Amino acid sequence: PSAQVELAGLYVRKGSHDLALMIAERLQRQHPQGAAGYQLQGDILMAKRQPVPALAAYDHAYALHATNELVIKIDNALRQAGRVPEAESRLGKWLAAHPDDVRALAYRAQTWIGAGDFKRAATQLEDILERQPDNAIVLNNLATCYQALDDARALATAEAALRGAPQRADVMDTLGWILVDKGDT
């Protein structure tokens with residue numbers, strides 16, 4: 001199955017979505033109780049910018065094997081389909097049942113950043129940092145929130161993120177823009 005998933009991924013990158021879908025369908029026939037074929041189908045449909053049929057595939061995969069990865073993909077498909085309240089509700093239910101799922105918590109913070117709700121995202125990211133104080137990506141996103149909120153902690157947080165991930169372009173970019181905002185070009 002993993003080789004089939006990789007092959008389908010190659011087809012998607014080459015723009016051959018129909019060939020990739022054929023692999024997903026074959027995987028579904030070979031492993032009808034496995035989630036991989038349905039998740040792959042959802043991924044391909046999302047690459048084709050078809051969130052509604054992708055959602056159906058993800059829901060089928062989720063019914064077979066519920067994971068935070070599928071919860072995140074379902075949330076994204078719902079948001080792209082314009083069903084934001086349903087996305088928030090479903091993600092909220094997952095987090096109520098899995099309050100220590102740091103990946104899903106960080107994803108929720110990302111959705112809030114994307115919606116411009118930096119205060120709520122910052123609170124969520126601060127909570128994650130209590131559990132994972134050296135998480136450079138969370139530090140970087142928190143620095144972004146602090147910058148948007150004109151919080152003096154933005155620079156120190158961005159510098160901490162850079163210490164944790166000195167080669168990541170997004171971390172360097174965040175720190176760079178904070179410095180530019182402070183007049184330090």
Side-chain angles (χ1 to χ4, degrees), residues 5 8-9 12-13 15 17 20-21 24 28 35-132 135-151 153-154 157-158 161 168-171 173-174 177-178 181:
V5 170
V12 168
R13 285 190 290 282
H17 297 107
L21 282 170
Q28 290 167 8
Y38 299 98
Q39 183 172 334
L40 178 60
Q41 181 184 16
D43 293 347
I44 296 163
L45 291 167
M46 287 299 288
K48 290 180 71 171
R49 300 189 191 320
Q50 297 178 1
V52 174
L55 179 60
Y58 287 146
D59 278 336
H60 193 106
Y62 183 85
L64 294 169
H65 184 67
T67 64
N68 63 0
E69 180 179 7
L70 280 166
V71 166
I72 290 168
K73 289 180 179 204
I74 289 168
D75 183 271
N76 185 43
L78 284 166
R79 288 176 189 281
Q80 288 193 28
R83 295 161 54 183
V84 175
E86 184 180 350
E88 291 175 359
S89 173
R90 288 181 69 169
L91 182 59
K93 286 177 185 172
W94 172 268
L95 287 169
H98 304 89
D100 295 324
D101 186 342
V102 172
R103 182 178 180 194
L105 289 167
Y107 171 79
R108 181 169 66 177
Q110 280 293 112
T111 66
W112 289 337
I113 291 169
D117 191 348
F118 297 103
K119 186 170 178 56
R120 196 158 55 155
T123 301
Q124 180 83 71
L125 294 167
E126 289 166 348
D127 177 56
I128 294 169
L129 279 178
E130 288 179 16
R131 303 168 200 214
Q132 296 181 346
N135 187 322
I137 305 310
V138 172
L139 284 164
N140 183 63
N141 292 341
L142 184 56
T144 299
C145 291
Y146 286 161
Q147 180 185 20
L149 296 168
D150 289 326
D151 188 312
R153 297 174 288 179
T157 305
R168 286 194 58 120
D170 56 338
V171 173
D173 183 66
T174 299
W177 280 112
I178 291 170
D181 279 354

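Values below: every heavy atom of this structure, side chains too, minus hydrogens, waters and symmetry copies. Values in this document were obtained by computation on a predicted structure and should not be read as measured data.
Put simply, CD on Glu88 and CZ on Arg79 are 5.0 Å apart, with the number rounded to the nearest 0.5 Å. Taking OG1 from Thr174 and CZ from Arg168, the interatomic distance works out to 10.0 Å, rounded to the nearest 0.5 Å. Between Gln110 atom CD and Ile113 atom CD1 the span is 4.5 Å, to the nearest 0.5 Å. Taking CH2 of Trp94 as the start and CG of Leu105 as the end, the distance is 11.5 Å to the nearest 0.5 Å. To the nearest 0.5 Å, atom CD1 of residue Ile72 and atom OG1 of residue Thr67 are 8.5 Å apart. Atoms OH and CG, on Tyr107 and Asp101 in that order, are 12.5 Å from each other to the nearest 0.5 Å.
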Which is it for Ile74 and Val71 under the side-chain contact (heavy atoms from CB on, under 4.5 Å) test, yes or no, and what are the steps along the way? CA-CA 5 Å; Ile74 289 168; Val71 166; 5.8 Å; no
Going through the distances and angles, do Leu55 and Arg83 end up as a side-chain contact (heavy atoms from CB on, under 4.5 Å)? CA-CA 11 Å; Leu55 179 60; Arg83 295 161 54 183; 3.5 Å; yes
Please evaluate residues Asp100 and Arg131 with respect to the criterion salt bridge (Lys or Arg N to Asp or Glu O under 4.0 Å), reporting the C-alpha separation (whole Å), side-chain torsions for both, the decisive distance (0.1 Å), and the verdict. CA-CA 9 Å; Asp100 295 324; Arg131 303 168 200 214; 3.1 Å; yes
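For the residue pair Ala57 and Gly42, the shortest heavy atom distance occurs at CB-N, 3.6 Å. Taking every heavy atom of both residues into account, His65 and Leu70 meet most closely at O-CD1, 3.3 Å. Nearest heavy-atom pair across Ala87 and Asp75 is O-OD2, 3.1 Å. Residues Val12 and Ala20 share a closest heavy-atom pair of CG2-CB, 3.7 Å. Across all non-hydrogen atoms, the minimal contact from Gly37 to Gln28 is O-NE2, 3.1 Å. Pairing each heavy atom of Val52 with each of Ala81, the nearest pair is CG2-CB, 4.0 Å.
A donor and an acceptor atom, one from each side chain of Asp181 and Trp177, are nowhere located under 3.5 Å apart.
Proximity of a side-chain donor or acceptor of Tyr58 to a complementary backbone N or O of Asp43 within less than 3.5 Å is detected. With hydrogens and angles ignored, the 3.5 Å screen pairs no side-chain donor or acceptor of Gln50 with any backbone N or O of Leu45.
Within the 4.5 Å cutoff, side-chain heavy atoms of Glu126 are placed close to those of Leu142. Counting only heavy atoms from C-beta outward, the side chains of Leu21 and Lys48 approach each other to under 4.5 Å.
Among Asn140, Asn141, Asn135, the single residue meeting the side-chain contact (heavy atoms from CB on, under 4.5 Å) criterion with Val138 is Asn135.
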